[in-house]
K.L.:
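Quick one: the structure is below, and I'll ask about it shortly.
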Amino acid sequence: MLGSVNARAEGTISIAQQFGIGYLLLDVVRDNHLIEKHGKEEGLDIKVEWRTLSGATGMNEALLSGAIDVVAAGAPPVLTLWDRTKGKQNVKAIAALGSMPNYLLSNNPDVKSVKDLSSKDRIAVPAAGVGFQSRTLQIESARLLGNSNYKKFDDITVSLPHPDASAALIAGGSELTAHFSSPPYQYQALEHANIHKILSSYDVLGGPGTFNLLYTTEKFHDENPKTYRAFFDALAEAEKIVKADKAAAAQTYIRVQKSKLPAAFIQKMIEDPENDFTITPQRTFIYADKLYQLGVLKNKAESWKDYFFSEAYTLPGS
């Protein structure tokens, strides 16, 4: 990894662009050219490259090889990579992209809570066993059934992208009876009379918690201090822009993501008091602590600051 051919001069940054309302802050950064703006304040003309990558595995490989500088994922997968690269590439989080609940939904009227799930049910998640939704369910399982049974529901969990899972759950008639969803799919699904919520990630965490984190390698952070600072400041400004005018933020989302969803629906999601588009990490340490207790993480974090770069330390994180 040393002397990577992909090493870049200070003043360029490549960011993995993802889709969904959870990436609104990045849409605002991109649409308003905020990295370039803050780069000029640092005396740099920053070249920003937005790349579309799918799948956490591919993104992490690109990050570790130096092919891309910044990627985003749910808090548990980021913690897993922090754990695995500690003492090597030293991957850490940059900032949060907001706190949003993920709902576990069901079309089985007999399933009122997680305890009602049986071997006859099937739960769809994007990444079975390892993704944000699966890790959240594992923590809930440990709470209900004890740490030794944290994988209780892994056997009835299947990997399926959110759009496909949501469509199958709404249609019914298949083996799929539950979907650990995320915005916007959970809100669309709940508009159907046969769908109900049985759990929120906020229930598991005891309140609002970060959905996605931005992260990078120690190499990029240390070798590009001005570019990194410009990116961090751009994110902080994007948070202020969204909170100042949520209707305009909805239009930005539609423009950047080329979304076909109605503007009123998007604005309603942005205005939902459960959704907080903040760069401050919230309750991420619950994942770090619980996943260490369960043996998923080998390294014990003493605080959220252990897996964040120092620029975030000014935030009232958790």
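By convention here, the first residue in the shown sequence is residue 1. These numbers come from a predicted model, not from an experiment.
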K.L.:
Verify the neighbour count for atom CZ of R122: are there more than 12 heavy atoms of other residues, nucleotides or ligands below 6.0 Å?
P.N.:
yes

K.L.:
Within the supplied structure, the quantity of interest is the number of heavy atoms (other residues, nucleotides, ligands) at a distance under 6.0 Å from K246 NZ; does it exceed 12?
P.N.:
yes

K.L.:
Would you say T136 and Y287 are linked by a side-chain donor-acceptor pair, where the criterion is simply a distance under 3.5 Å?
P.N.:
yes

K.L.:
Inspect the surroundings of NZ in K290 and state if more than 12 heavy atoms from other residues, nucleotides or ligands are less than 6.0 Å away.
P.N.:
no

K.L.:
Does a side-chain heavy-atom distance below 4.5 Å link W82 with L213?
P.N.:
no

K.L.:
Between Y307 and V78, is any pair of side-chain heavy atoms under 4.5 Å apart?
P.N.:
no

K.L.:
Working to the nearest 0.5 angstrom, can you tell me the gap between L199 CG and S113 OG?
P.N.:
9.0 Å

K.L.:
Looking only at heavy atoms, which two atoms of A124 and A165 are closest? And how far apart?
P.N.:
CB-CB, 3.6 Å

K.L.:
Do E10 and T227 meet the criterion of a side-chain donor-acceptor pair at a distance under 3.5 Å?
P.N.:
yes

K.L.:
Out of curiosity, K92 NZ to L79 CG, how far, rounded to the nearest 0.5 Å?
P.N.:
12.5 Å

K.L.:
Is it true that the side chains of Q17 and D27 contain a donor and an acceptor less than 3.5 Å apart?
P.N.:
yes

K.L.:
Looking at side-chain heavy atoms only, is the closest gap between R283 and T210 below 4.5 Å?
P.N.:
no

K.L.:
Give a yes or no answer on whether the side chain of T85 reaches the backbone of V91 with a donor-acceptor pair at less than 3.5 Å.
P.N.:
yes

K.L.:
May I ask you to decide whether K268 forms a salt bridge with D272, counting only side-chain N to carboxylate O separations under 4.0 Å?
P.N.:
no

K.L.:
A side-chain contact here means heavy atoms from C-beta on lying under 4.5 Å apart; do N275 and P208 qualify?
P.N.:
no

K.L.:
Measuring from I266:CD1 to T252:OG1, what's the distance to the nearest 0.5 Å?
P.N.:
10.5 Å

K.L.:
Any donor-acceptor pair under 3.5 Å linking the side-chain atoms of D69 with those of S14?
P.N.:
yes

K.L.:
Are any non-hydrogen side-chain atoms of L291 and R135 less than 4.5 angstrom apart?
P.N.:
yes

K.L.:
Going by atom types only, do H221 and E218 share a side-chain donor-acceptor pair under 3.5 Å?
P.N.:
no

K.L.:
Measure across I270 and F277 and return the closest heavy-atom pair with its distance rounded to 0.1 Å.
P.N.:
CA-CE1, 3.7 Å

K.L.:
Donor-acceptor check, side chain of D83 to backbone of N299, threshold 3.5 angstrom: yes or no?
P.N.:
yes

K.L.:
Taking V28's backbone N and O only, do any of them form a donor-acceptor pair with D31's side chain (distance below 3.5 Å, no angle check)?
P.N.:
no

K.L.:
Would S119 and D155 count as a side chain to side chain contact (heavy atoms under 4.5 Å, CB included) here? Give the steps.
P.N.:
CA-CA 8 Å; S119 57; D155 290 343; over 6 Å; no

K.L.:
Using every non-hydrogen atom in the two residues, find where Q251 and A263 come nearest and quote the distance to one decimal.
P.N.:
NE2-CB, 3.6 Å

K.L.:
Can you see whether T217 engages Q89 through a side-chain donor-acceptor pair at a distance of less than 3.5 angstrom?
P.N.:
no

K.L.:
At what distance, to the nearest 0.5 angstrom, does CD of Q138 lie from NZ of K152?
P.N.:
14.0 Å

K.L.:
Could you tell me whether a side-chain N or O of Q18 sits under 3.5 Å from a main-chain N or O of A72, the two making a donor and an acceptor?
P.N.:
yes

K.L.:
So F211 and F132, would you call those rings parallel, tilted or perpendicular, with 30° and 60° as cut-offs?
P.N.:
perpendicular

K.L.:
Between N90 (side chain) and G87 (backbone), is there a donor-acceptor pair under 3.5 Å?
P.N.:
yes

K.L.:
Looking at I195, is its backbone amide N or carbonyl O close enough to the side chain of N107 to form a donor-acceptor pair, meaning the two atoms are under 3.5 Å apart?
P.N.:
no

K.L.:
Would the distance check show the side chain of D121 and the main-chain N or O of L117 forming a donor-acceptor pair, the cut-off being under 3.5 Å?
P.N.:
no

K.L.:
Answer yes when R143 and E140 have at least one side-chain N-carboxylate O distance shorter than 4.0 Å, and no when they do not.
P.N.:
yes

K.L.:
How long is the span from the CD1 atom in I279 to the CG atom in L235, to the nearest 0.5 Å?
P.N.:
6.0 Å

K.L.:
Once you round to the nearest 0.5 Å, how far does OG of S141 lie from NZ of K151?
P.N.:
11.5 Å

K.L.:
The test is side chain to side chain contact (heavy atoms under 4.5 Å, CB included); show your working for Q257 and Y23 and say whether it passes.
P.N.:
CA-CA 10 Å; Q257 304 237 1; Y23 301 94; 4.2 Å; yes

K.L.:
Examine distances only and state if a side-chain atom of T284 and a backbone atom of S318 form a donor-acceptor pair shorter than 3.5 Å.
P.N.:
yes

K.L.:
Quick one: does L24's side chain get under 4.5 Å of L97's, heavy atoms only?
P.N.:
no

K.L.:
What heavy-atom pair brings Y202 and G209 nearest, and what distance separates the two atoms?
P.N.:
CE1-N, 3.3 Å

K.L.:
Return yes if a side-chain donor-acceptor contact under 3.5 Å exists between H162 and Q186, otherwise no.
P.N.:
no

K.L.:
Taking the side chain as everything from C-beta on, heavy atoms only, tell me whether E274 gets closer than 4.5 Å to M100.
P.N.:
no

K.L.:
Taking side-chain contact (heavy atoms from CB on, under 4.5 Å) as the criterion, tell me which of L26, V71, L25 meets it with L214.
P.N.:
L26

K.L.:
Check for me whether the distance between the ring centres of F308 and Y313 falls short of 6.0 Å.
P.N.:
no

K.L.:
Taking the side chain as every heavy atom from C-beta outward, state whether I35 and I13 have any atom pair closer than 4.5 Å.
P.N.:
yes

K.L.:
I'd like to know whether Y103 forms a side chain to side chain contact (heavy atoms under 4.5 Å, CB included) with Y187, so could you lay out the CA-CA distance, the side-chain angles of the two residues, the decisive distance to 0.1 Å, and finally the verdict.
P.N.:
CA-CA 9 Å; Y103 295 163; Y187 302 121; 4.2 Å; yes

K.L.:
Can a salt bridge be assigned to the pair K47 and E36 using a cut-off of 4.0 Å between side-chain N and carboxylate O?
P.N.:
no

K.L.:
Sub-3.5 Å donor-acceptor pair from the side chain of S201 to the main-chain atoms of N102, do we have one?
P.N.:
yes

K.L.:
So does K243 pair up with E239, basic N to acidic O under 4.0 Å?
P.N.:
yes

K.L.:
Locate the shortest heavy-atom distance separating I68 from R51; write the atom from each residue and the value.
P.N.:
CD1-CB, 3.8 Å

K.L.:
Do W50 and Y215 sit in one hydrophobic cluster, given that two such residues count as connected whenever their side-chain heavy atoms are within less than 4.5 Å of each other, even indirectly?
P.N.:
yes

K.L.:
As a quick check of understanding, evaluate side chain to side chain contact (heavy atoms under 4.5 Å, CB included) for L44 and K40, giving each step before the final call.
P.N.:
CA-CA 5 Å; L44 286 176; K40 286 186 172 62; over 6 Å; no

K.L.:
Indicate yes or no for a side-chain donor-acceptor contact from N194 to the backbone of I170 under 3.5 Å, with no hydrogens or angles considered.
P.N.:
yes

